[in-house]
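Residue indices begin at 1 and follow the sequence shown.
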Amino acid sequence: MTRMIGGPTPAGGSPPATTGLIQQLFNAGSFVGPTVAAWLATPTGGWHSTWWITCACAALGAVPSLRLRSVAAVESAPPATAKAFR
C-alpha cells in the first residue's frame with residue numbers, strides 16, 4: 001500500500017501528508033482490532049470465535065485494495081490512438 005502513495009495524493013497535495021494519513025489508519029486498525037477481538041472473546045468464553053472477525057476485516061481490506069489496483073491499472077494504461085479504433 002505504501003508504494004502507491006502517489007496515486008491517492010491529490011494534485012498539488014503533499015505525499016508526506018498522505019503517508020501520515022495512511023499510517024494513522026494503520027495504527028487505528030492496530031488499536032481497534034485487538035480491542036474488538038477481546039470484546040468478542042469475553043462473552044463467548046474464548047478466542048475460538050474470533051476467526052470470523054479476522055476474516056471479515058481481511059475481506060473489508062481486500063475491497064479497497066482491489067479498487068486501488070484497478071484505478072492504478074487504468075491510470076497507467078497507454079492512451080488510445082486513432083489506429084486502435086479502425
Is there a path of hydrophobic side-chain contacts, each under 4.5 Å between heavy atoms of I, L, V, M, F, W or Y residues, that connects [X] with [Y]?
{"X": "Phe26", "Y": "Val32", "result": "no"}
{"X": "Phe31", "Y": "Val36", "result": "yes"}
{"X": "Trp51", "Y": "Trp39", "result": "yes"}

Please find the pair of heavy atoms, one from Ser49 and one from Leu40, that lie closest to each other, and give the distance.
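Result for this residue pair: O-CD2, 3.4 Å.
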
What's the shortest heavy-atom distance between Gly29 and Pro34, and which atoms?
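Looks like O-CD, 4.1 Å.
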
Nearest 0.5 angstrom please: [X] [atom1] to [Y] [atom2], how far?
{"X": "Trp47", "Y": "Thr54", "atom1": "CH2", "atom2": "OG1", "answer": "10.0 Å"}
{"X": "Thr18", "Y": "Gln23", "atom1": "OG1", "atom2": "CD", "answer": "13.0 Å"}
{"X": "Ile53", "Y": "Leu60", "atom1": "CD1", "atom2": "CG", "answer": "10.0 Å"}

